[in-house]
Amino acid sequence: IKLDTNGCHPEMLKKLLDEQLVDYAAMDIKNSPDKYAQTAGLARFDMTPVLESIRLLKESDIDYEFRTTVVGEFHEAADFHAIGEMIRGARHYYLQCFTDRDTVPFKGLHAPSAEAMREYEKIMRDYVPDTQIRGLE
């Protein structure tokens, strides 16, 4: 069973892990702490639950990944250093290229360039050696 989570409910994640109901987890890391609220479309955001969910997954016995959907207007190199500090030593990290869809609440957003994606991948490999890019064409 695969769990996809934004990490906002660590108490539920802990329960699922403790009861061994999850075989794999994928958790979104929206952005650096300073930009998390903006990227999530909120006025403010408490990082405490997200940081606790990161800790729970890193200490768990299941396989997991962290992933960030990279948006040209929201992400820059400094953000990935901050993300790297949050998830340092994780098993897997994926950079996903943003794709505009009708369901995206923000209009006018774009995927970053291939060059920027490769730069972010290089930054993240210092924190998570198994860092890969998804969706780069």
Side-chain angles (χ1 to χ4, degrees):
I1 296 172
K2 178 185 178 217
L3 172 70
D4 287 285
T5 181
N6 63 13
C8 289
H9 299 283
E11 66 287 348
M12 179 57 70
L13 176 60
K14 182 175 181 351
K15 179 177 169 55
L16 293 171
L17 292 171
D18 287 349
E19 294 181 17
Q20 299 179 341
L21 296 174
V22 177
D23 299 305
Y24 189 88
M27 182 175 154
D28 294 324
I29 305 294
K30 303 293 184 196
N31 208 330
S32 61
D34 290 343
K35 292 184 176 177
Y36 224 88
Q38 174 195 15
T39 306
L42 302 169
R44 55 191 178 286
F45 186 83
D46 179 8
M47 289 293 298
T48 305
V50 169
L51 296 173
E52 176 63 9
S53 292
I54 290 168
R55 185 192 67 76
L56 287 168
L57 285 176
K58 286 175 63 179
E59 293 177 358
S60 75
D61 292 331
I62 68 164
D63 201 11
Y64 64 88
E65 69 182 60
F66 296 115
R67 61 191 180 198
T68 300
T69 299
V70 186
V71 180
E73 289 78 8
F74 291 158
H75 297 93
E76 59 189 353
D79 299 314
F80 291 96
H81 287 288
I83 291 168
E85 289 296 337
M86 285 193 309
I87 66 169
R88 181 188 293 277
R91 293 184 191 150
H92 314 285
Y93 179 68
Y94 294 93
L95 297 153
Q96 302 176 154
C97 287
F98 170 78
T99 301
D100 195 14
R101 295 187 171 92
D102 290 341
T103 57
V104 175
F106 307 110
K107 299 301 174 203
L109 299 179
H110 303 88
S113 68
E115 179 182 349
M117 289 295 287
R118 286 188 202 97
E119 176 189 357
Y120 304 153
E121 178 186 33
K122 185 174 188 262
I123 290 168
M124 287 304 299
R125 283 202 173 141
D126 288 339
Y127 302 95
V128 180
D130 184 16
T131 294
Q132 298 177 42
I133 299 174
R134 287 181 177 147
L136 187 62
E137 297 177 16

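Any value given below was found using the heavy atoms of this structure, including those in side chains, with hydrogens, waters and symmetry copies removed.
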Trainee: Less than 4.5 Å apart, any side-chain heavy atom of Y127 and any of I87?
Mentor: no
Trainee: Go through the steps to decide whether H92 and D63 satisfy the test side-chain hydrogen bond (donor to acceptor under 3.5 Å, both in side chains), and finish with yes or no.
Mentor: CA-CA 9 Å; H92 314 285; D63 201 11; 3.0 Å; yes
Trainee: Quick one: is the NZ or CZ of R134 closer than 6.0 Å to the six-membered ring centre of Y94, and within 45° of its axis?
Mentor: yes
Trainee: Kindly give the heavy-atom pair with the smallest separation between M86 and L51, and that separation in Å.
Mentor: SD-CD2, 3.9 Å
Trainee: After noting the C-alpha distance and the side-chain angles of M47 and D34, does the key distance pass the side-chain contact (heavy atoms from CB on, under 4.5 Å) rule?
Mentor: CA-CA 10 Å; M47 289 293 298; D34 290 343; over 6 Å; no
Trainee: Going hydrophobic residue to hydrophobic residue with side-chain gaps under 4.5 angstrom, can you get from V22 over to Y24?
Mentor: no
Trainee: Once you round to the nearest 0.5 Å, how far does CD of E11 lie from OG of S53?
Mentor: 8.0 Å
Trainee: Regarding Y93 and Q132, do their side chains bring together a donor and an acceptor under 3.5 Å, going by distance alone?
Mentor: no
Trainee: For S60 and R91, which heavy atoms make the closest approach, and how far apart are they?
Mentor: O-NH2, 2.9 Å
Trainee: Is there a side-chain contact between L21 and I1, using heavy atoms and a 4.5 Å cut-off?
Mentor: no
Trainee: Any side-chain heavy atom of M27 within less than 4.5 Å of one from I54?
Mentor: yes
Trainee: Give a yes-or-no answer on whether the side chains of T48 and D46 include a donor-acceptor pair shorter than 3.5 Å.
Mentor: yes
Trainee: Does some side-chain heavy atom of T131 sit less than 4.5 Å from a side-chain heavy atom of L95?
Mentor: yes
Trainee: Mind checking what makes ring-ring contact (aromatic ring centres under 6.0 Å, His included) contact with F80, not counting sequence neighbours?
Mentor: H75, Y120
Trainee: Could you tell me which non-hydrogen atom of M117 sits nearest to which non-hydrogen atom of C97, and how far apart they are?
Mentor: CE-SG, 3.6 Å
Trainee: Can a side-chain donor-acceptor contact be found between Q96 and T69 if the only test is distance below 3.5 angstrom?
Mentor: yes
Trainee: Apply the test side-chain contact (heavy atoms from CB on, under 4.5 Å) to residues K35 and D79: give CA-CA distance (whole Å), side-chain angles for both, the deciding distance (0.1 Å), then the verdict.
Mentor: CA-CA 8 Å; K35 292 184 176 177; D79 299 314; 2.9 Å; yes
Trainee: Side-chain contact test, heavy atoms from C-beta onward, threshold under 4.5 Å: evaluate it for L56 versus L17 and give yes or no.
Mentor: yes
Trainee: Side-chain contact, heavy-atom cut-off 4.5 Å: F66 with L57?
Mentor: yes
Trainee: Which heavy atom of T39 sits nearest a heavy atom of F74, and at what distance?
Mentor: CG2-CD1, 3.8 Å
Trainee: Is the shortest side-chain heavy-atom distance between E119 and K122 below 4.5 Å?
Mentor: no
Trainee: Carefully, step by step, assess E85 and H81 under the rule side-chain contact (heavy atoms from CB on, under 4.5 Å).
Mentor: CA-CA 6 Å; E85 289 296 337; H81 287 288; 5.9 Å; no
Trainee: Do the side chains of V128 and R88 get nearer than 4.5 Å, heavy atoms only?
Mentor: no
Trainee: Over all heavy atoms of both residues, which pair between L109 and E73 is shortest? Give the atoms and the distance, please.
Mentor: CA-OE1, 3.4 Å
